[in-house]
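Worksheet: the structure to be examined is printed underneath.
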Amino acid sequence: MDSLSRRRFLKISGATIGAAAGSTVTGACRIPMEGVSTPGSGIRKVPTYCDICFWNCGAIAYVKDGALWKIEGNPRDPLSRGRLCPRGTGGIGAHFDPDRLRVPLMRKKRRGDEEWAAVTWDEALSFVAEKMEKIKKEYGPEAVAIFSHGIGGTFLKHTLKAFGTVNSAAPSFAQCRGPRDVGFQLTFGEDVSTPERTDIRNAGCLVLIGSHLGENMHNTQVQEFAEAIEKGASIIVVDPRFSIAAGKAKYYLPIRPGTDIALILAWMNVLVREGLYDKEYVGKYGFGFEQFAAFIERHTPEWAYPETGIEPETIRATAREMSRYKPASLVHPGRHATWYGDDAQRSRAIALLNALLGSWGRKGGFYYPVSMDIPEYSYPPYPKSKRERVDNPGKEYPFADVAISTGIRKATLSGKPYPIKGWFVYATNLIHALPNQKETIQAMQNLDLVVAVDVIPSETAGWADVVLPEAVYLERFDELNVGWFRESFVALRQPVVKPPDEQKPNWWIAKKLAEKLGLERYFPWKDIEEYLEHRISAAGLNYEELKEAGVISGVRQPIYFDEGVPDHFYTPSGKIEFYSLQLEKAGHPPIPQYTRPSGGPAGYLRLLYGRCPVHSFSRTQTNPILSDMVGENEVWVNTDIARRYGLRSGSYIRLKNQDGVISNPICVKITERIRADCVYLAHGFGHTSRGLRHAFGVGASDAALITRYATDPLMGGTGMNVNFVTFEPEESQS
Ligand code: SF4
């Protein structure tokens, strides 16, 4: 997507509009800077950008009398628009976290025993480099893999690529947004990108299918959601649980879990049968519409009713509602899309529904994101590997264009197609992110080297040989954020305060490790500021201005077809593919098909999980500010089910899954806001790492209960809503 968008950016960069007057040759606006320091006695303001999640909102941190005081949104930043989400506002708690890692640690006993010796950075990095060289000699450099999350992994990935590995993955693909991006790629030739290219604020009708805006706190999306509601947008929410977003909906559809494709097919049936789709748009841009229309003919609302539990008249009314606002009718693609194993096809169905509504490339639908042209730093080429990536041998998953984390895990367990002997894990807690914790732990036991780079002693760090303490985002420079968004911009992360102990920034760790490996030539810059200044100057911008403002915005560029974005689709046909020859050739249905999801054992309910609005994944439960707001999760249980099992609201129970795994005690929330065939809890709690003293054993872990997963045949994503639980009274556990 990035390369396609970059090509498009280059094509249209001459066609800037609106505020282009006065821009420089690089396309940046020179906004006059006001002072950003010392607004009051003893107070210093430092612009930076947030890292509590990957959204990277521009922020301004305040230091009062030498101590970190507070953080708020940077009004110049197009992502935050001057306001942070609750997690971002509580982000300063990361600096004060009593459980954070303080010094480099090396394992003393068996893996997983969590017994450590404090060592110097030199000792830790020498040990790691030596082990890496040994693995390289015996198995080749590709036998060292890296898992990372977020922008901070950039430099460490660079070191590993210079070392010769080709195996670099992020759980954000196969355990999160991957199916969505593949479904949209197959349909429109481009993915949805991060931040999502959804024009929520201009939508007349917004459809959320299992998408929990307001609980999933991606700042810009939530702000735009509030704007759309304020402007009177019609909201349709499809969810087995009455979420916060459902509370804002005109139509709430409490769908039977796992039947979303049936509903989408029925919606499309209504739009086509009643002639309510955007005929001109589909006629101009569509490929294979006749076959598509013939296929969906039998998928009537009456057909969908017994599957979904949604009445035919409600299906018709909501389809007509979407049509009323087209093309400003946006069916949100979601983000965490790994549910049932047919997720790329479900996402493709969502893409096709948007295509019928004519929303792609249109105001109130999906805009075309733009970016500033900040040249990359020029390094020597990476060594050429003789071996392919290990995660997808034989292209078993033909549309996985990004590495599959669980594919690397599988190769680590089997030694095929070749052995993996070292893992670097940067800022991701694989034990909470990947399904089936047993497989992850077994894979780590097969390794000669496990290195965790993190700010807290996560469960994954607990299984490492070496743990390297990273400075939190408020204490470090980092890679530039050159976002793809509705406005182009570049943002700088810079230190606000010093790390309290021996913690180091990611770029320092990556550079020092490269030096130990004899790869100095890949880090020709003296320090990160030299690197940053070089890139910013190469773009014709002023580094000092960026430091002062935190963000420099580019000129306004076209983002919709009717503003001049070229209406070309990077699919094989050059059109929107209602019928996919690519899929057909690969032996997969060219039009999404519905398969009824399997049920669980008698007496078990489907386990659903989601986000808590004040926490990010399993990373923030020891942040004292955020854990003060929400300290534990609770399990949502339907009132009738609670009655049947004799549960009381506020009491504690344990959950037992279909494979006999029993959770920590979790508080019961009895509610009418969830269907009777499922339960729900927020992800990220139930920690088992002893180093996380303030989160240890608090709440239950969905990840521990997700022992099963259904693999997406298109792209290798792991559908995780295929687990079932029943209740174990807390007293029965001694
Ligand atoms: S969405 Fe919230 S946590 Fe994420 S970067 Fe923005 S302010 Fe920080």
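Note: hydrogens, waters and symmetry copies are ignored here, and every other heavy atom, side chains too, is used. Being a predicted model, the structure only gives us computed values, none of them experimental. When a residue number appears, it is its place in the shown sequence, counting from 1.
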- Tyr49 and Tyr473 aromatic centres sub-6.0 Å: no
- Query: Hey, does Trp55 have a side-chain heavy atom less than 4.5 Å from the side chain of Pro195?
  - Reply: yes
- Item | Carboxylate-amine/guanidinium contact Glu439 Arg409, below 4.0 Å | yes
- Query: Is there a donor-acceptor pair under 3.5 Å between the side chain of Ser689 and the backbone N or O of Pro457?
  - Reply: yes
- Apply the ring-ring contact (aromatic ring centres under 6.0 Å, His included) test between Tyr609 and each candidate in His336, His432, His212; give the one that qualifies. His336
- Query: Among side-chain atoms of Thr187 and Glu577, is any donor-acceptor pair under 3.5 angstrom?
  - Reply: no
- Message: A cation-pi test, strictly: NZ or CZ of Arg346 under 6.0 Å from the centre of the six-membered ring of Tyr340 and no more than 45 degrees from its axis. Yes or no?
- Response: no
- Item | Distance-only side-chain donor-acceptor flag, Glu632 / Ser627, under 3.5 Å | no
- His615-His683 aromatic ring centre distance below 6.0 Å: no
- Message: Is it the case that the side chain of Asp199 and the backbone of Gly364 share a donor-acceptor pair, with hydrogens and angles ignored and the cut-off at 3.5 Å?
- Response: yes
- Can you tell me if NZ on Lys248 sees more than 12 non-hydrogen neighbours from other groups inside 6.0 Å? no
- Going by atom types alone, do Gln345 and His588 pair a side-chain donor with an acceptor below 3.5 Å? no
- Task: For the pair Asp712 (side chain) and Ala344 (backbone), establish whether a donor and an acceptor sit closer than 3.5 Å, ignoring hydrogens and angles.
- Result: yes
- Message: When you compare the side chain of Leu705 with that of Ile662, does any pair of heavy atoms fall below 4.5 Å?
- Response: no
- Query: Is the gap between the ring centers of His218 and Phe225 under 6.0 Å?
  - Reply: no
- Item | Gln185 and Tyr570 side chains, donor-acceptor separation under 3.5 Å | no
- Indicate whether the side chain of Asn657 and that of Thr707 have a donor and an acceptor atom separated by less than 3.5 Å. yes
- Message: Just so I know, are the side chains of Asp191 and Arg177 near enough to count as touching, which here means a heavy-atom distance under 4.5 Å?
- Response: no
- Query: Would you call Glu224-Arg486 a salt bridge at under 4.0 Å N-O?
  - Reply: yes
- Exactly one of Asp77, Ile52, Ile71 clears side-chain contact (heavy atoms from CB on, under 4.5 Å) with Leu84, and that residue is Ile71
- Quiz item: cation-pi between Arg241 and Trp636, 6.0 Å / 45°: yes
- Message: Are Thr338 and Asn721 packed together at the side-chain level, in the sense that at least one heavy-atom pair is separated by less than 4.5 angstrom?
- Response: no
- Query: Hey, mind stepping through Arg87 and Ser616 against side-chain hydrogen bond (donor to acceptor under 3.5 Å, both in side chains) and telling me if it holds?
  - Reply: CA-CA 8 Å; Arg87 296 171 302 165; Ser616 287; 2.8 Å; yes
- Task: Flag the pair Arg335 / Thr194 as yes when at least one side-chain heavy-atom distance between them is below 4.5 Å, and no otherwise.
- Result: yes
- Task: Ignoring hydrogens and angles, tell me if any N or O in the side chain of Glu634 forms a donor-acceptor pair with the backbone of Ile666 under 3.5 Å.
- Result: no
- Ring centers of Tyr426, Phe147 separated by less than 6.0 Å: no
- Lys157/Glu479 salt bridge by N-O under 4.0 Å criterion: no
- Query: Would you call the rings of Phe617 and Phe54 parallel, tilted or perpendicular if under 30° counts as parallel and over 60° as perpendicular?
  - Reply: parallel
